[in-house]
**Q** 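Sending over a structure as structure tokens; questions will come in a sec.
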Amino acid sequence: MRKMLLAALSRVLPGPAAAAAAGRTASRVMVASRNYADFANEATFEIKKCDLHRLEEGPSTTAVMTREEGLHYYKTMQTIRRMELKSDQLYKQKIIRGFCHLYDGQEACCVGLEVAIKPTDHVITAYRAHGFTYARGVPVREILAELTGRKGGCVKGKGGSMHMYTKNFYGGNGIVGAQVPLGAGIALACKYFGKNEVCLTLYGDGAANQGQIFETYNMAALWKLPCVFICENNRYGMGTSVERAAASTDYYKRGDFIPGLRVDGMDVLCVREAAKFATEHCRAGKGPIVMELQTYRYHGHSMSDPGISYRTREEIQEVRSKSDPITLLKDRMINNNLASIEELKEIDVAVRKEIEEAAQFATTDPEPPLEELGNHIYYNEPPFEVRGPNQWIKYKSVS
Amino acid sequence: FPAPSGRVRAGRRLPSPGGVTARRGLARLGVAPQVTVRDALNQALDEELERDERVFLLGEEVAQYDGAYKVRGLRGQEDHRHMGFTGIAVGAAMAGLRPVCEFMTFNFSMQAIDQVINSAAKTCYMSAGAIPVPIVFRGPNGASAGVAAQHSQCFAAWYGHCPGLKVVSPWSSEDAKGLLKAAIRDDNPVVMLENELLYGVPFEMSEQAQSKDFVVPIGKAKIEREGTHVTLVSHSRPVGHCLEAAAVLAKEGVECEVINLRTIRPMDIETVEASVIKTNHLVTVEGGWPQFGVGAEICARIMEGSAFNYLDAPAVRVTGADVPMPYAKILEDNCIPQVKDIIFAVKKTLNI
């Protein structure tokens, strides 16, 4: 009864503008009179059943989410969303150059995956990598500063958008599909070292038709590598829709002899449960598994693609209104009393602030010193000289 | 690790028959034993596999065929999954293993070259040193005998072009063993360009070279023969041809200094310069094609450095013929730099 009353009251609260004008006193008063003990601790959700390939059973069709988990997923996805939108802005201002492939719309994938695995597991993906970079632990300011090519970037400005790395995260890879054999190699190392770790190896629907992926499927299956192959199917490989690109769009079945699941990639809980299931499979020594995450990107392929020549604005709008991963989570949390609208709004405000500060850093931090040009050619090597544009210009290379 | 079935296998290895016992026997007699390049490579692999458990082999036919050319790895039936297994090897290196990745021949590496260059060579730089790639790519390079155009290309110039890689090219058994050990111990991607025709050739191996810690430093050339009239710079099999040419020329009073580059990148141009300053004449010898080749690089660097002022004649290159390799023996023989071609070039340079 009290829950319903509070829910009703929270809907009567003034809208954002008024609340801001009122200095949020109204909501603060509401919050003060409302005990956090009034929120549910957790809730159980029905999630979409996965399509299965060569599997007797799949992931659970119910998922339990605690309030704490929900807030964490929300904050993380929102941070990625705003970070990508900020990148869009900075790119249009020409402060970010070169390639920029944005992840907004796909947040449930990288977040659902990250919360299902351990920090000691490994992740490798292609060039639409900013979300994963953040999920794997690189702060927003270091991501943005890398995009703006500053010395405070996570790889000192040496890599840029497609080449960000951190512990147990192997990028960020620019050549379509090349990361897939790499991922199986990392899985091989996992098996070799025997520490029960797995490697999530991601690729898109475009890459899914590549030969090296099938070569990799073969070897991963032969050697039972603990490799979770994950196809992020966002329906378009650059400007080519999956129907025009693939003889079979059942990407979860393309591993043939490798079992597979097709997952709703817009639902963070679906992704989480599927990833738990898949990593279990690998850790149990059963060999590789394929996961297809059905997802969507709001932006075009990259910043040089408006994204509307091969799909309609209506389609994009429809996904936004019906399947947005953040909205989905938000509604679930509100409707199950895991959080209040105000609370989530507060998170939004905090996220915006963080992104603004990060962008401020990314636009004011100095570019790397010229000396950096020659460094890190080799690892663990005594310093040597590197040739510049002519024989008289030399740079020192330190490891 | 997985049972030795299937053509591609990652695994530790069994020692090669004969190599170890023969070696020790002769040493006791006080005779420097003759060891083939193949056995020298196998010794290196055995020793490094034993020394560091992170080292493992990956390639075609490494498992039961005992290697295509009976060096662990290589050939048997054609099994072209190069892009895949090369990428797997590179990924394993990124995650802390130390793979030795074999190509049946470097011609097949073209299918996998994206992994060698974009994944292996560049990652340390792009990650600002966060992700080293301690991998060795090895296999036969260049012309063989009668294997025709698609199986005879030399890749020294292609790989030597790329920063982030180290590229070595052994000639003798000591080179082979010492460079392979150095390559495996190096924390960077190393391309080792061997030569199929050298695998069965025996060379003397000194006492020192038989030690488990014998390593030939990467980036240092070796003067195989001292001389005063002309500098011959070469790598791989043509080093032998240079020495033969030098022997013939010596009878005519021309003393050649023969330099075995051993490493293509980083190239030891200082040794070449010091030699040219002494001899005033330079002839480069390589198996690869002339355009944009190793010799071209040497000539350019000599022009840029102190040795230029000591040249009494333009530097000269002896290379493979600028054609895809033909099959017929007479044609093939004339596409590879022969001893007579080297002698001719020396005489032209010296104007004799």
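Lettering of chains follows the sequences in order, A, B, ..., and the numbering in each one begins at 1.
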**Q** How many angstroms lie between CD1 in B:I131 and NZ in A:K167, if you round to the nearest 0.5 Å?
**A** 10.5 Å

**Q** Are there more than 12 heavy atoms of other residues, nucleotides or ligands under 6.0 Å from atom CZ of A:R141?
**A** no

**Q** Is A:F99 atom CZ crowded by more than 12 heavy atoms from other residues, nucleotides or ligands, each under 6.0 Å away?
**A** no

**Q** For atom CZ of A:F384, decide whether the heavy atoms of other residues, nucleotides or ligands shown that lie under 6.0 angstrom number more than 12.
**A** yes

**Q** Hey, are the side chains of B:Q115 and A:L182 touching, using non-hydrogen atoms and a 4.5 Å cut-off?
**A** yes

**Q** Which heavy atom in A:T216 sits nearest to a heavy atom in B:G84, and how many Å separate them?
**A** OG1-CA, 4.4 Å

**Q** Indicate yes or no: at least one non-hydrogen side-chain atom of B:D186 is less than 4.5 angstrom from one of A:Y378.
**A** no

**Q** Do A:K158 and B:S127 touch side chain to side chain, with heavy atoms closer than 4.5 Å?
**A** no

**Q** Roughly how far apart are B:F56 CZ and A:L188 CG, rounded to 0.5 Å?
**A** 5.0 Å

**Q** In terms of heavy-atom pairs under 4.5 Å, which option from B:A92, B:P163, B:P189 contacts chain A the most?
**A** B:A92

**Q** Looking at every heavy atom in both A:Y165 and B:M126, which two are closest together, and how far apart are they?
**A** OH-CE, 3.5 Å

**Q** Do other residues, nucleotides or ligands put more than 12 heavy atoms under 6.0 Å from the CZ atom of B:F308?
**A** no

**Q** Can you tell me how far the OH atom of A:Y192 sits from the CD atom of B:E53, to the nearest 0.5 Å?
**A** 6.5 Å

**Q** Let me know if A:F193 has heavy atoms under 4.5 Å from chain B in its side chain, its backbone, both or neither.
**A** side chain

**Q** Please flag which part of A:Y170 lies under 4.5 Å from any non-hydrogen atom of chain B: side chain, backbone, both or neither.
**A** both

**Q** Could you have a look at B:G164, B:G305, B:A130 and say which one has the most heavy-atom pairs with chain A under 4.5 angstrom?
**A** B:G164

**Q** Measure distances from A:I186 to the heavy atoms of chain B and classify the residue's part below 4.5 Å as side chain, backbone, both or neither.
**A** both

**Q** Sort out for me which of B:D187, B:N118, B:V90 touches chain A most, counting heavy-atom pairs under 4.5 Å.
**A** B:D187

**Q** Assess whether atom CZ of A:R97 is packed by more than 12 heavy atoms of other residues, nucleotides or ligands within 6.0 Å.
**A** no

**Q** For the interface with chain A, which of B:A128, B:C124, B:A95 has the highest count of heavy-atom pairs at distances below 4.5 Å?
**A** B:A128

**Q** Between B:L97 and chain A, which part of the residue has a heavy atom less than 4.5 Å away: side chain, backbone, both or neither?
**A** both

**Q** Do the side chains of A:E381 and B:N188 get nearer than 4.5 Å, heavy atoms only?
**A** yes

**Q** Hey, does B:Y125 have a side-chain heavy atom less than 4.5 Å from the side chain of A:V155?
**A** no

**Q** Could you pull out the closest heavy-atom pair between A:Y379 and B:G129, with the gap in Å?
**A** CE1-O, 3.6 Å

**Q** Please tell me if the side chains of B:E304 and A:R387 come closer than 4.5 Å, counting only heavy atoms from C-beta onward.
**A** yes

**Q** Need one label for B:K166: side chain, backbone, both or neither, based on atoms under 4.5 Å from any heavy atom in chain A.
**A** both

**Q** According to the side-chain hydrogen bond (donor to acceptor under 3.5 Å, both in side chains) rule, which pairs have a member within residues 390-399 of chain A, sequence neighbours left out?
**A** none

